[in-house]
*Asks:* 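Please see the structure below; I have some questions.
A, B, ... follow the sequence lines: proteins, then strands. Residue 1 opens every chain. Hydrogens, waters and symmetry mates play no part in the numbers below; they use all other heavy atoms, side chains included.
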There are 2 protein chains.
Amino acid sequence: MPSRKSNSISRREEILEKAAKLFRKTGYAATTMRMIATATGMEAASLYNHISSKQELLEELLFSVASEFTGGMDRAEKLNAGPLEKLEFLVDLHIDLTLRWPDRIALVTGDWVHLEEPKLSAYTGLRNDYEQRFRSLITEGKKQDEMEDINTELGLFSILSTLHWLYSWLGKHPGLETQKIRKELKQCLLGGLRKSEYTK
Amino acid sequence: MPSRKSNSISRREEILEKAAKLFRKTGYAATTMRMIATATGMEAASLYNHISSKQELLEELLFSVASEFTGGMDRAEKLNAGPLEKLEFLVDLHIDLTLRWPDRIALVTGDWVHLEEPKLSAYTGLRNDYEQRFRSLITEGKKQDEMEDINTELGLFSILSTLHWLYSWLGKHPGLETQKIRKELKQCLLGGLRKSEYTK
DNA sequence: CCTACCGATCGGTAGG
DNA sequence: CCTACCGATCGGTAGG
């Protein structure tokens with residue numbers, strides 16, 4: 001009888017996965033509970049035995065991703081390395097998470113706006129924290145003379161915007177996640193910021 | 001009596017502007033005709049004297065933007081210059097259009113998926129054309145030895161993803177559109193691709 | 001996990 | 001440009 005409980009857990013997980021896929025393709029607002037139900041092979045009403053609301057699905061999806069990014073940033077900061085190398089670690093973090101959770105990551109791009117208060121504030125808070133720590137690495141890189149004196153906000157923005165869109169690109173180019181691509185992406189994103197004497 | 005017709009035209013334009021702003025903030029699916037009506041100071045039913053459907057609003061907004069991008073690409077290709085300089089022209093094009101139509105441009109990021117057939121195919125066709133012409137400039141830049149031998153798709157993607165997100169960044173940093181920022185953005189986007197002997 | 005169903009709200013129309 | 005209103009569909013509940 002342990003199967004009873006574990007089935008319920010995996011069923012919930014399945015609902016989350018199907019919901020993420022539908023939210024990504026159709027958007028949160030346009031995705032109906034009936035669509036999610038059909039995808040998981042049950043009636044809409046039955047979903048509510050596993051979850052409490054559509055909003056809860058969005059929350060769990062987004063906060064699971066946010067938590068992974070925060071944890072990754074923790075590890076980056078603890079690295080015994082310079083700011084530039086920490087930034088390269090973060091590029092790999094984004095690649096790894098995008099490969100693991102492409103559908104969930106897609107929600108970070110736009111559907112988070114459908115989060116309701118107070119979860120919305122909590123989410124944007126986590127996001128701002130992450131960006132602030134990212135920004136500090138750029139500032140530090142410039143201070144330590146590893147990086148060009150480019151406007152910090154501009155550098156931050158140009159790197160993060162590409163990282164946020166990785167999911168759509170990796171989806172269109174499957175099997176392209178190689179060491180070569182990882183290296184070239186770092187060159188695209190950081191090459192314009194890196195001082196030439198730091199080029200590997 | 002010319003005021004009659006011109007009022008009607010500007011009224012339609014006003015509806016489009018308000019719709020764009022709401023679509024951007026709330027998303028197409030979650031924006032109701034009643035919200036658009038309130039924003040323009042009329043009842044929902046009255047909107048239909050100026051437009052025929054919610055879908056039509058999305059179409060007009062997206063195709064007006066697409067047309068500007070296509071026209072800009074035409075001008076870029078006619079430039080008497082190398083591929084790298086044409087790419088820099090396109091960065092300016094994106095900045096210019098983003099400043100002119102921040103709300104419409106925002107729809108390019110995600111809400112275009114709510115376009116219905118056959119407009120959806122027409123739109124993605126225009127978008128693919130634009131990307132193909134962008135891609136050709138990168139290929140040409142590598143062939144003419146102006147640019148590093150980096151995976152073309154990766155270069156294309158890293159540049160366009162940042163350009164697509166300009167609207168959210170420019171919105172958060174008003175008054176930052178200076179020649180200095182334009183130059184630094186080109187450095188961020190193209191610096192990693194440009195061969196060092198081509199650095200200005 | 002299902003059948004049956006509800007109140008709310010949606011995009012849009014009729015008629016003036 | 002408004003009042004009045006419609007059919008469809010939404011997220012969610014009751015009860016088993």
*Asks:* Salt bridge or not for A:Arg100 and A:Glu68, using N-O below 4.0 Å?
*Replies:*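 Looking at A:Arg100 and A:Glu68, the cut-off is met.
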
*Asks:* Starting at CD of A:Glu43 and ending at C1' of D:dT9, how long is that distance when rounded to a whole Å?
*Replies:*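 About 15 Å, once rounded to whole Å.
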
*Asks:* Determine whether the side chains of B:Ser136 and B:Glu140 contain a donor N or O and an acceptor N or O closer than 3.5 Å.
*Replies:*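 B:Ser136 vs B:Glu140: no donor-acceptor pair found between side chains.
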
*Asks:* Quickly work out the A:Ile51 CD1 to C:dC1 C1' distance and round it to whole Å.
*Replies:*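 Checked: the CD1 to C1' distance equals 14 Å.
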
*Asks:* In dot-bracket notation, what is the pairing pattern of DNA chain C, taking Watson-Crick (N1-N3 plus N6-O4 or O6-N4) and G-U wobble (N1-O2 and O6-N3) contacts under 3.5 Å, with [ ] crossing and | for other strands?
*Replies:* ||||||||||||||||

*Asks:* Is it true that A:Glu88 and A:Arg194 have a side-chain N and a carboxylate O under 4.0 angstrom from each other?
*Replies:*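 Answer for the salt bridge query: yes.
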
*Asks:* Remember a base hit wins even if backbone is also touched, and classify A:Thr31 as base, sugar-phosphate or nothing at under 4.0 Å, heavy atoms.
*Replies:*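 Sugar-phosphate only.
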
*Asks:* Can you confirm if the aromatic rings of A:His94 and A:Phe69 lie within a centre distance of less than 6.0 Å?
*Replies:*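 Yes, ring centres under 6.0 Å apart.
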
*Asks:* Look at A:Asp96 together with A:Arg182 and state whether they make a salt bridge at an N to O cut-off of under 4.0 Å.
*Replies:*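 Yes, A:Asp96 and A:Arg182 are salt-bridged.
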
*Asks:* Is a salt bridge present between B:Asp111 and B:Arg24, judged by a nitrogen-to-oxygen distance below 4.0 Å?
*Replies:*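 Between B:Arg24 and B:Asp111 there is no salt bridge, as every charged N stays at least 4.0 Å from the carboxylate O atoms.
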
*Asks:* So which protein N/O to nucleotides 12-16 of chain C N/O distances come out below 3.5 Å?
*Replies:*
unit_1, atom_1, unit_2, atom_2, d
C:dG12, OP2, B:Tyr48, OH, 2.9
C:dG12, OP2, B:Lys54, N, 2.8
C:dG12, O6, B:Arg34, NH2, 3.4

*Asks:* Under 3.5 Å, is there a donor-acceptor pair between the A:Ser64 and A:Arg104 side chains?
*Replies:*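 Yes, because at least one side-chain N or O of A:Ser64 sits under 3.5 Å from a partner of the opposite role on A:Arg104.
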
*Asks:* Grab the CG-C1' distance between B:Leu47 and C:dG11 for me, whole Å please.
*Replies:*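 Value for this atom pair: 11 Å.
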
*Asks:* Determine whether the side chains of B:Thr162 and A:Thr162 contain a donor N or O and an acceptor N or O closer than 3.5 Å.
*Replies:*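 There is such a pair (donor and acceptor under 3.5 Å, judged by atom type) between the side chains of B:Thr162 and A:Thr162.
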
